[in-house]
Protein chains: 2
Amino acid sequence: MSDISPIRATSGTNQEGTSAHNRRVMMDALRLNGALSRADLARATQLTKQAVSNIIDELERDGFVVSLDAVRKGRGQPSTPYRLVPEGAFAIGLQIDRHLTRAVAVDLVGTVLVRAEANLPPDDPHGGVRIILGVIEGIRRDLAAISAQSERRIVGLGVAMPGPFGLEEFGDNKWMMPAWQKYPLLETLAAGTGFDVSLQNDAAACAIAERMVGAAHGLDHAVCLYVGYGIGAGLILNGESYRGGNGNAGEIGMALLSPRGSDGAVLEHRASLASLYQHLELDPSEPGLYEHVEALALADDPALLAWVRDAAMDLRWSVQLIETLFDPQTVILTSGAPEALARLILEAMLPLPSSIADRPQRSLPRLQLGITDPWSIALGAAAEPIGRAFDPRFSAILKTRSGG
Amino acid sequence: MSDISPIRATSGTNQEGTSAHNRRVMMDALRLNGALSRADLARATQLTKQAVSNIIDELERDGFVVSLDAVRKGRGQPSTPYRLVPEGAFAIGLQIDRHLTRAVAVDLVGTVLVRAEANLPPDDPHGGVRIILGVIEGIRRDLAAISAQSERRIVGLGVAMPGPFGLEEFGDNKWMMPAWQKYPLLETLAAGTGFDVSLQNDAAACAIAERMVGAAHGLDHAVCLYVGYGIGAGLILNGESYRGGNGNAGEIGMALLSPRGSDGAVLEHRASLASLYQHLELDPSEPGLYEHVEALALADDPALLAWVRDAAMDLRWSVQLIETLFDPQTVILTSGAPEALARLILEAMLPLPSSIADRPQRSLPRLQLGITDPWSIALGAAAEPIGRAFDPRFSAILKTRSGG
DNA sequence: TTATTAAGTCAACTGACTTGACTTATTACT
DNA sequence: AGTAATAAGTCAAGTCAGTTGACTTAATAA
């Protein structure tokens with residue numbers, strides 16, 4: 001008989017959900033605040049001292065937290081702070097791009113421990129997946145060499161690749177990766193590795209990375225404007241990555257530049273690295289591209305600067321759009337480009353157009369530079385399973401359909 | 001000593017949270033599916049029959065659900081369906097606009113039971129609030145006449161008014177309501193009525209109304225494009241109204257129409273009802289305005305049609321933007337304008353520009369007409385407290401700081 | 001030296017969901 | 001008809017995570 005019921009409802013919860021939530025709350029508090037005593041945690045989470053004590057005991061037994069030396073601060077018994085144990089959990093992150101793949105292993109606090117990359121044959125997911133599985137296998141081996149416990153403690157595999165997803169229509173668009181879009185990637189990787197696998201677009205991965213270890217750390221509302229081969233916005237809304245109804249939220253690169261433009265020009269056509277390469281007449285698959293562009297940026301190459309000036313016009317507009325529609329605490333500029341170029345773009349974007357975001361009492365800048373490391377997408381991909389396993393969130397409380 | 005701790009953390013939860021969540025889940029399931037037996041609820045919510053039985057007993061005792069006649073369906077003991085009791089709870093919704101205020105009382109299922117309106121003195125919140133309190137007092141009396149229990153069962157007061165909020169900078173902008181923005185409205189209304197009071201912009205209120213009783217019923221991702229005196233987008237993300245970091249998310253009326261336009265033209269300047277009134281040289285404070293515009297729309301007035309054609313160009317673009325950035329399941333067009341005009345606008349917006357939203361296997365239209373009733377904003381305002389009190393959501397599970 | 005303050009533990013308690021057996025009511029099959 | 005099968009719903013004991021309130025420990029302030 002079928003499990004599928006036509007009745008729609010949210011799942012209920014029980015004590016398991018309560019306990020799971022409270023464990024997550026403890027770990028999240030330690031991540032945000034560094035190290036806290038049981039008494040601190042009780043105050044911050046509004047649980048009783050006793051409940052916190054039990055939970056911390058359990059987390060310590062499970063290897064997620066350890067105590068530090070007691071600290072005396074004023075009257076009263078000294079407190080014993082606890083901190084997260086980085087080796088408490090690991091995750092693997094995978095970036096799949098048009099011409100290459102990068103993979104990293106990170107620990108519970110987001111430190112990258114192992115990294116590896118490989119070239120991918122263009123438009124050949126079947127061959128590509130074989131290569132990817134090899135890369136992941138290598139990452140696992142290297143990680144096992146660092147931490148003996150690691151294999152048991154890997155919570156999942158996060159994959160990031162360019163979106164949008166699920167659109168057959170755009171099959172022959174050069175901005176997409178049509179063959180990969182159709183390939184049953186998650187299933188294949190899950191079968192090949194035994195991990196839970198999740199997928200997000202590269203901008204979302206960037207945003208998750210920024211939230212774990214970057215400019216969005218501790219923020220509940222932030223948007224990451226990612227300027228890569230395409231352009232996307234990674235959304236952190238209410239403290240979680242937002243993906244929309246079909247996983248394509250934030251595809252700002254496809255936003256029409258104007259209501260009246262008859263040409264259907266979209267942001268991506270004018271401000272992406274793809275447009276830069278076209279402007280400079282470079283071949284995107286050329287090996288030394290990154291270094292070449294970096295050199296041009298450092299040398300203030302006039303052709304590159306012309307593109308920057310032009311692209312920045314459109315990107316300023318996109319920041320105003322993001323602020324107007326999402327009302328984030330900050331916007332973070334990230335890029336697959338070298339830091340020198342990202343800085344040029346950022347500078348050229350200032351001053352920003354006025355928006356609802358320029359209020360006098362702001363504490364965060366409207367726009368700031370994020371992680372400018374080519375590995376940040378893989379890092380964000382890896383951060384996703386960590387967040388899914390350890391961050392407090394609604395879905396973690398709900399009962400899950402058993403047997404599925 | 002101070003309650004305020006520099007330590008940031010999510011609240012923990014306990015059995016109270018569990019129970020509160022499960023009660024909400026039950027009521028939500030009944031709202032979405034009509035009437036369900038205890039066995040149905042157990043299957044849908046993944047709780048045990050026994051747990052459901054206890055919760056339903058309690059909800060019945062509290063007057064939120066009642067049983068219907070048993071129904072026989074195939075083998076086995078007949079099931080006893082339960083449904084929501086509309087009189088189980090009430091809420092009051094208040095729309096504050098530039099020249100008038102509307103208030104409604106709704107019940108648990110979103111039926112409007114009482115309505116009242118009054119004119120407001122422009123830019124005089126102090127006098128305005130006195131009028132508003134009088135209107136609310138009248139609503140309470142009328143509601144008490146309908147349902148004797150009502151006074152005890154009012155869960156809150158929702159207020160909707162034009163945004164954006166909290167911007168001193170825009171003080172003299174004619175699109176805003178500067179005096180009202182500065183007035184401590186929530187505190188005054190809370191003190192004057194004794195209710196919990198919440199505030200949202202009118203577009204958000206529309207979206208909440210659509211989710212409770214309109215085109216977004218049962219949807220988790222929907223955006224409501226509200227064309228009123230200004231223009232806003234009401235956001236339903238993950239089944240909840242999204243308000244951003246400062247309550248201003250969705251202020252699409254302030255989106256710049258183009259990266260290159262030197263004039264700083266925004267959507268609101270060209271496609272709002274304010275721009276229509278300007279185009280037709282009408283005084284927005286004129287009493288019979290609504291009927292006048294309705295007559296023009298029904299008569300296919302050329303000047304009005306010209307504006308419609310023009311505004312629709314910009315609104316089509318805004319729909320593409322919304323789809324690109326939020327990836328909703330559907331976009332709902334709502335308006336403070338008469339239905340005839342709203343229909344003209346909708347028709348003029350078709351066909352929509354292509355976007356990530358036009359995928360072949362769609363079940364919902366990309367754009368549809370929402371509630372075109374001038375009372376829908378007040379209805380949405382009232383729906384907010386109902387949702388806050390009864391919908392399953394993360395915040396409902398968390399412990400709340402005792403003693404404020 | 002003593003009072004005060006605060007961290008943390010002990011042990012009994014509570015309450016919401018779970019478990020598994022049982023009762024009730026209906027249809028399907030012989 | 002009579003019986004088996006099926007499904008709704010109840011009973012009563014069990015479990016477990018957080019709560020309660022008293023207590024212990026260890027520091028500083030007076």
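Below, chains carry the letters A, B, ... as their sequence lines are ordered, and counting in each starts from 1. Predicted model, so just to flag it, every value in this text is computed and none were measured.
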### Message
Please evaluate residues A:E384 and A:S198 with respect to the criterion side chain to side chain donor-acceptor pair (under 3.5 Å), reporting the C-alpha separation (whole Å), side-chain torsions for both, the decisive distance (0.1 Å), and the verdict.
### Response
CA-CA 8 Å; A:E384 199 280 339; A:S198 66; 2.7 Å; yes
### Message
Using side chain to side chain donor-acceptor pair (under 3.5 Å), reason through A:Q46 and B:S11 one step at a time and then give a plain yes or no.
### Response
CA-CA 6 Å; A:Q46 310 187 49; B:S11 281; 2.8 Å; yes
### Query
Given B:R38 and B:D57, is the salt bridge (Lys or Arg N to Asp or Glu O under 4.0 Å) satisfied, shown in steps?
CA-CA 10 Å; B:R38 299 178 182 210; B:D57 282 348; 2.9 Å; yes
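As judged by a 4.0 angstrom heavy-atom cut-off over every strand, A:S79 is placed among residues touching the sugar-phosphate backbone only.
Rounded to whole angstrom, the span from the CZ atom of B:R38 across to the C1' atom of D:dA7 amounts to 15 Å. In this structure, CG of A:D57 is placed 14 Å from C1' of D:dA17, rounded to the nearest angstrom. Note: CG (B:L59) to C1' (C:dA16) measures 14 Å, nearest angstrom. The nearest whole Å value for the distance from the CG atom in B:L41 to the P atom in D:dA8 is 12 Å. C:dG8 atom P lies 14 Å from atom CG of A:N54, rounded to whole Å. We find that CE of A:M26 is positioned 11 Å from C1' of D:dG18, with the value rounded to whole Å. Going from atom NZ of B:K49 over to atom C1' of C:dA21 covers 10 Å, rounded to whole Å. If you take CG of A:L47 and P of D:dT20, they are 11 Å apart, rounded to a whole angstrom.
Separation of the B:F64 and B:F390 ring centroids falls under the 6.0 Å cut-off. In this structure, the ring of A:Y242 has its center less than 6.0 angstrom from the ring center of B:H221.
When each of D:dT10, D:dG18, C:dA7 is scored by its nearest atom to the side-chain atoms of A:I55, the top-ranked nucleotide is D:dG18. Out of C:dC10, D:dT10, C:dA28, the shortest distance to the side chain of A:Q50 is found at C:dC10. Nearest nucleotide to the B:S53 side chain, out of C:dG8, C:dT4, D:dG9: D:dG9. When distances are taken from the side chain of B:Q77 to each of D:dT19, C:dT24, D:dG9, the shortest belongs to C:dT24. Ranking C:dG8, D:dA27, D:dA8 by closeness to the A:R75 side chain, first place goes to D:dA27. For B:A51, the side-chain atoms get nearest to C:dC17 when compared with the rest of D:dA5, C:dT9, C:dC17.
Partners of B:R243 according to the side-chain hydrogen bond (donor to acceptor under 3.5 Å, both in side chains) rule, which considers only residues two or more places apart in sequence or in another chain, do not exist here.
Of the residues near DNA chain C, A:T13 and A:T80, the one whose nearest nucleotide (by heavy atom distance) lies more toward the 5' end is A:T80. If you find the closest nucleotide of DNA chain C to A:S37 and to A:G76, the one lying nearer the 5' end belongs to A:G76.
For D:dA8, the OP1/OP2 oxygens have a side-chain nitrogen or oxygen of B:R43 closer than 4.0 Å. Contact between the side-chain N/O atoms of A:K399 and the OP1/OP2 oxygens of C:dT18 is found at a separation under 4.0 Å.
Within residues 14-23 of chain A, the residues approaching DNA chain C are A:N14, A:Q15, by heavy-atom distance under 4.0 Å.
When all heavy atoms are compared, the tightest approach of B:G380 to B:I208 is O-CG2, 3.7 Å.
The pair A:R43-A:D40 meets the salt-bridge criterion, with a side-chain N (NZ, NE, NH1 or NH2) lying under 4.0 Å from an Asp/Glu carboxylate O.
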